[in-house]
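Data first, discussion second: the structure below is written as structure tokens.
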Amino acid sequence: QVQLVESGGGSVQPGGSLRLSCAASGFTLDYYAIGWVRQAPGKEREGVACISYSDGSTYYEASGRFTISMDNAKNTVYLQMNSLKPEDTDVYYCAVPGATMRCPGLISEYYYWGQGTQVTVSS
């Protein structure tokens with residue numbers, strides 16, 4: 001059974017950093033794509049970054065402040081977020097596509113989702 005569990009969210013002041021973790025179970029990340037998607041209340045989900053064995057890292061959030069990485073030994077994907085801004089306040093989800101092992105072009109291609117972790121950036 002595929003399970004994704006996010007952690008590492010919290011409250012931080014503008015300019016601060018957080019590292020989110022997504023622990024995967026029920027499958028091995030080595031051959032799958034896994035992405036980070038965020039969503040604010042009342043807004044559509046927005047892709048942040050994705051990583052896969054075949055594609056490497058792909059960033060949809062283009063500011064250069066976020067870094068996605070994978071620890072295959074721990075079957076865990078991380079999202080390092082630096083220089084955080086109030087507009088980064090969202091629930092952050094990790095997700096795995098259902099029909100491809102590559103980073104998807106559309107958020108709708110993600111099939112497995114974690115429960116999300118709240119990130120709040122405020123002074």
(message) I'd like to know if Trp36 and Leu29 are part of one continuous hydrophobic network [Ile/Leu/Val/Met/Phe/Trp/Tyr, side-chain heavy atoms within less than 4.5 Å].
(response) yes

(request) For Gln115 and Glu6, indicate whether the former's side chain and the latter's backbone hold a donor-acceptor pair under 3.5 Å. (result) yes

(message) My understanding is that only residues two or more places apart in sequence, or in another chain, count here; which of them pass side chain to side chain contact (heavy atoms under 4.5 Å, CB included) with Ser123?
(response) Pro14

(message) If hydrophobic clusters are built from ILVMFWY residues whose side chains come within less than 4.5 Å, do Trp113 and Val91 share one?
(response) yes

(message) Could you go through Phe66 and Leu84, starting from their C-alpha distance and side-chain angles, then the distance that decides it, and tell me whether this counts as side chain to side chain contact (heavy atoms under 4.5 Å, CB included)?
(response) CA-CA 9 Å; Phe66 296 176; Leu84 284 163; 4.0 Å; yes

Distance-only criterion, 3.5 Å: show the donor-acceptor pairs between side-chain atoms of residues 17-24 and protein atoms not counting sequence neighbours.
| unit_1 | atom_1 | unit_2 | atom_2 | d |
| --- | --- | --- | --- | --- |
| Ser17 | OG | Asn82 | OD1 | 3.0 |

(message) Using side-chain heavy atoms (C-beta onward) and a distance below 4.5 Å, is Thr120 in contact with Val12?
(response) no

(request) Determine, stepwise, if the pair Tyr92 / Met81 fulfils side chain to side chain contact (heavy atoms under 4.5 Å, CB included). (result) CA-CA 11 Å; Tyr92 286 71; Met81 305 187 296; 3.8 Å; yes

(message) Test of understanding: clusters of I, L, V, M, F, W, Y form through side-chain heavy atoms closer than 4.5 Å, transitively. Do Val2 and Ile34 belong to the same one?
(response) yes

(message) Is it true that Glu87 and Thr89 share a donor-acceptor pair across their side chains at a distance under 3.5 Å?
(response) no

(message) So, using side chain to side chain contact (heavy atoms under 4.5 Å, CB included) as the criterion, who are the partners of Thr67 when residues are at least two apart?
(response) Tyr59, Gln80

(request) Identify, with sequence neighbours excluded, every residue that meets side chain to side chain contact (heavy atoms under 4.5 Å, CB included) alongside Ser25. (result) Gln3

(request) Using atom types as modelled and distance alone, determine if a side-chain donor or acceptor of Thr117 lies under 3.5 Å from a backbone N or O of Gly9. (result) yes

(request) With side chain to side chain contact (heavy atoms under 4.5 Å, CB included) as the test, would you mind laying out the steps for Tyr32 and Arg102 before giving the verdict? (result) CA-CA 7 Å; Tyr32 287 85; Arg102 308 190 66 174; over 6 Å; no

(request) Establish, yes or no, whether the cationic atom of Arg38 lies under 6.0 Å from the six-membered ring centre of Tyr93 and within 45° of the ring axis. (result) no

Pair up each side-chain donor or acceptor in residues 103-112 with any protein partner under 3.5 Å, not counting sequence neighbours, and list the distances.
| unit_1 | atom_1 | unit_2 | atom_2 | d |
| --- | --- | --- | --- | --- |
| Glu109 | OE2 | Gly105 | N | 3.1 |
| Glu109 | OE2 | Leu106 | N | 3.0 |

(request) Report yes or no: does Glu61 contribute a side-chain atom to a donor-acceptor pair with the main-chain N or O of Ser63 at less than 3.5 Å? (result) yes

(message) Contact between Met70 and Thr76 at the side-chain level, heavy atoms closer than 4.5 Å - yes or no?
(response) no

(request) Determine which pairs satisfy salt bridge (Lys or Arg N to Asp or Glu O under 4.0 Å) with at least one residue from residues 66-85, sequence neighbours left out, and list them in order. (result) none

(message) Salt bridge check, Arg65 against Asp88: does any charged N sit closer than 4.0 Å to a carboxylate O?
(response) yes

(message) Is there a side chain to side chain contact (heavy atoms under 4.5 Å, CB included) between Ile68 and Val77? Walk through the geometry before answering.
(response) CA-CA 7 Å; Ile68 190 170; Val77 171; 3.8 Å; yes

(request) Give a yes or no on whether Val96 and Met101 share a hydrophobic cluster (residues Ile, Leu, Val, Met, Phe, Trp, Tyr; joining criterion: side-chain heavy atoms under 4.5 Å apart). (result) yes

(message) I'd like to check Leu4 versus Phe27 (side-chain heavy atoms, cut-off strictly below 4.5 Å). Are they in contact?
(response) yes

(message) Count I, L, V, M, F, W, Y as connected when their side-chain heavy atoms are under 4.5 Å apart, and connections chain through other members. Are Tyr78 and Ile51 then in the same cluster?
(response) no

